[in-house]
4 protein chains.
Amino acid sequence: MPPDAARRSDRSRRAILVAALELVEALGYSKLTIEAVAARAGVGKQTIYRWWPSKGPLLFDALVELGPVGHDSPPSGDLAADLKRELRLAVGELAERRFDQVCRVLVHESRTDLVTLLLMPRRMVVEDRLRSAQRLGDVRPDVDVSAAAELLLGSLYQRWLLRTAPLTEDFTDAVVDLVLRALSDRP
Amino acid sequence: MPPDAARRSDRSRRAILVAALELVEALGYSKLTIEAVAARAGVGKQTIYRWWPSKGPLLFDALVELGPVGHDSPPSGDLAADLKRELRLAVGELAERRFDQVCRVLVHESRTDLVTLLLMPRRMVVEDRLRSAQRLGDVRPDVDVSAAAELLLGSLYQRWLLRTAPLTEDFTDAVVDLVLRALSDRP
Amino acid sequence: MPPDAARRSDRSRRAILVAALELVEALGYSKLTIEAVAARAGVGKQTIYRWWPSKGPLLFDALVELGPVGHDSPPSGDLAADLKRELRLAVGELAERRFDQVCRVLVHESRTDLVTLLLMPRRMVVEDRLRSAQRLGDVRPDVDVSAAAELLLGSLYQRWLLRTAPLTEDFTDAVVDLVLRALSDRP
Amino acid sequence: MPPDAARRSDRSRRAILVAALELVEALGYSKLTIEAVAARAGVGKQTIYRWWPSKGPLLFDALVELGPVGHDSPPSGDLAADLKRELRLAVGELAERRFDQVCRVLVHESRTDLVTLLLMPRRMVVEDRLRSAQRLGDVRPDVDVSAAAELLLGSLYQRWLLRTAPLTEDFTDAVVDLVLRALSDRP
DNA sequence: CGGTAACCGAGACGGTACGTCAAGTCTTAAC
DNA sequence: GTTAAGACTTGACGTACCGTCTCGGTTACCG
């Protein structure tokens, strides 16, 4: 018989999520233990195991609930400027330690669904912006917008994950410039 | 007193690396234990701890020694074709389960050095090819070749890590076509 | 605030006692859990904790209410025969699985009061019979009747508890014969 | 693969047995936990589980190794005196808290073998003494010596287990006197 | 060529955390 | 307004591995 979500103690739930986030920030993911989360949250281990199967989903919930929130800004008329701003936001988000820690592990565990949930919103914003630019003729009509979005965010995520080089704003700007050249008729 | 590499038993060393690779393939990284490696290799645990500090480096050595080998082919005159071939090779490599498992965890543990060592060779090949194309005028002289290489491989690695979509050869071809347009004068 | 016995649900009370007895018979004492009793009785755990402090008293009540009942028979004139019959009855009682289980644990927990309540009646019968025999001269007047009763039942209970040997009727008969010799003038 | 007794650490073994005995004396059996024993002995839990399956056998070993030792005295010519001394020794032994606690639980768990091992020696001494008295004619030749021993020790053990009355030396003396009367020709 | 120093297999050791179980307490919805 | 249901904190369970250690035994270098 599954636990009865209606009876769930919200106080415990929030204490657990907060504790998990604090600890993952302090210790990193692999040194984080369920026992420590329970202790810091002032909660029985069973209360964690009742509602989450393991560390991964727990941290995912913690991040979704208490994590960084997107700051949507209205698009200006300048495609390059808009994309540059968007990529800088993404970079800033990735730099937050708790977000970084949790996302890395979700990537590692191949939790596609969760990754998608956390990273996709950024991508959707980029794609939307590209599509509207395409309607205005700033982007050639034969361009695959979703591939273009992947091109923009891909190099960024790669540097984040692989740490091959620092994630500077100069870099993201350069990526935007380079990709936009591929998308437009104008040289 | 540091271990004396001269006396090292090569039989044991190889048995350990083989066992590690077999087990990581069968169980995945996180369920792989040193004890299991020792047992399967018919080796004392101490013999592993004597030569490797932890799972990560052990698997790294195993991969480097027994892992996939690059198949270098001479560049043809066709830049697009060369890049497409190169990216397909990279994709094939990433698809190998043992390589995949180990690389993911190295990424996760932020072992930059190791990641670099495993993934960089591919990138160097791409960069070299772009540079020679730049000399021949197929790529504009103001293009940052290493940024371009990152653009090419970035989206590929991203799909691999995030599993946002299947890593098909159609996709890699499309990426090459899109990026090359950004790099060349010709429309 | 103590529970209000007047409001007590007799249906629940009986269901609990029955469930307890069934389960102790099936599982033995140590594997019996309050949770299982509550579940089988279709009762909340609190309803058990409201009325009983722990497993021991609960089972004691169960036994007292639903347990074996004594079959009193009138004394005949033959002391030896009467005692032999009485000891056989006691042995039969001890052999009942649920009685055995519960009594053993009460002994273990040193619940003197409960032990007394359960085992004393048998002893009283024996003492009464010996006392009347003493009045008739079948037992020497200087004999301590309660010590004699202890002698008779002691070896019996010892075999039961320690399982040093099977509890046969031959054995109880032999005990009676042996003890009676100590109690009477006649050789 | 069973543990290799040759490699066993005697220091740990003794520390565990000592800790177990101290704790059972302080807390009683049911509140004694393996975790507490391990902690007090400065030992990993696994080291206990490696060598003992559960609390019972562990405490049994502790008692056998560190428990009360029998003080054998040579029989005098006086049967009654010898038996009285022997029963007093038995009573003294049962009064030791750690012995009491452990024996009670062994009785409860029906560990016949262990009970036998701990309690039988006393009984053997009694039987031997009775047998030699039988050879000398102090005990009638038709008496079942082992039944007689049970009579002597049975009431004693019963009082111990059931706590029906205090285990005084007056009581054990009275038992001896009463039983001896049953065993001898002389009134 | 015999001694000795390192490696080797094995596995016991003190630990940490696991995930489970039941105890006994507290809360809630329904009857 | 007591009950059933069940979530809660607590704490021990027994297991799995960790990384260290000690044990004989077996090489393989060195005097």
Side-chain angles (χ1 to χ4, degrees), chain A residues 1-13 31-39 41-51 53-55, chain B residues 1-13 15 31-39 41-51 53-55, chain C residues 3-4 6-9 11-12 31-39 41-50 52-55, chain D residues 1-9 11-13 15 31-39 41-51 53-55:
Chain A
M1 55 219 79
D4 179 349
R7 292 190 187 281
R8 184 166 190 180
S9 153
D10 195 58
R11 152 194 279 276
S12 292
R13 185 173 157 279
K31 294 189 179 173
L32 174 71
T33 64
I34 299 273
E35 299 212 321
V37 174
V43 140
K45 270 198 295 179
Q46 197 58 238
T47 302
I48 298 183
Y49 283 112
R50 201 182 338 264
W51 302 106
S54 59
K55 272 201 291 186
Chain B
M1 55 218 80
D4 179 351
R7 289 184 186 276
R8 184 166 189 179
S9 154
D10 195 58
R11 153 196 278 275
S12 292
R13 185 173 158 280
K31 294 189 178 173
L32 173 71
T33 65
I34 299 275
E35 298 212 323
V37 174
V43 141
K45 273 199 291 179
Q46 197 56 236
T47 302
I48 298 182
Y49 282 111
R50 197 175 351 255
W51 304 106
S54 59
K55 270 201 292 187
Chain C
D4 179 352
R7 292 186 183 279
R8 185 167 189 178
S9 152
R11 153 196 277 275
S12 291
K31 294 189 178 172
L32 173 72
T33 64
I34 298 274
E35 300 209 321
V37 174
V43 141
K45 274 199 293 178
Q46 198 53 238
T47 302
I48 297 182
Y49 282 111
R50 201 177 346 258
W52 292 277
S54 60
K55 270 200 291 186
Chain D
M1 55 219 78
D4 180 350
R7 292 191 186 283
R8 185 166 188 180
S9 154
R11 152 194 279 277
S12 292
R13 187 174 155 278
K31 294 189 178 172
L32 174 71
T33 64
I34 298 273
E35 298 211 323
V37 174
V43 140
K45 271 199 293 179
Q46 198 61 51
T47 301
I48 298 182
Y49 283 113
R50 193 167 6 243
W51 302 107
S54 59
K55 272 201 288 186

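Proteins come first, then strands; the chains are lettered A, B, ... in the order of their sequence lines, and each starts at number 1.
Of the two residues near DNA chain E, C:Tyr49 and B:Arg13, the one whose nearest nucleotide lies more 5' is B:Arg13. Between D:Gly44 and B:Ala39, the residue anchored closer to the 5' end of DNA chain E is B:Ala39, taking for each the nucleotide with the nearest heavy atom.
One N or O donor and one acceptor, one from the side chain of C:Lys45 and one from the base of E:dG24, sit under 3.5 Å apart.
Taking 4.0 angstrom as the limit, D:Arg50 places a side-chain polar atom (N or O) nearer than this to OP1 or OP2 of E:dC13. Residue A:Thr47 places at least one side-chain N or O under 4.0 Å from the OP1 or OP2 atom of F:dT9. Contact between the side-chain N/O atoms of A:Thr33 and the OP1/OP2 oxygens of E:dT16 is not found at any separation under 4.0 Å. For F:dT27, neither phosphate oxygen OP1 nor OP2 lies less than 4.0 angstrom from any side-chain nitrogen or oxygen of B:Ser9. Look at B:Trp51 and you won't find any side-chain N or O under 4.0 angstrom from OP1 or OP2 of E:dA6.
Rounded to whole angstrom, the span from the CD1 atom of D:Ile34 across to the C1' atom of F:dT15 amounts to 14 Å. Straight-line distance from the CD atom of B:Gln46 to the C1' atom of F:dC23: 12 Å, rounded to whole Å.
Residue D:Lys55 comes nearest to D:Leu32 through the heavy atom pair NZ-O, 3.2 Å, listed as atom of the first residue, atom of the second, then distance. The minimum heavy-atom distance between C:Gly44 and C:Ala38, with the atom names listed, is C-CB, 4.2 Å.
By the 6.0 Å contact criterion, CZ on A:Arg50 is enclosed, its count of non-hydrogen atoms from other residues, nucleotides or ligands being greater than 12.
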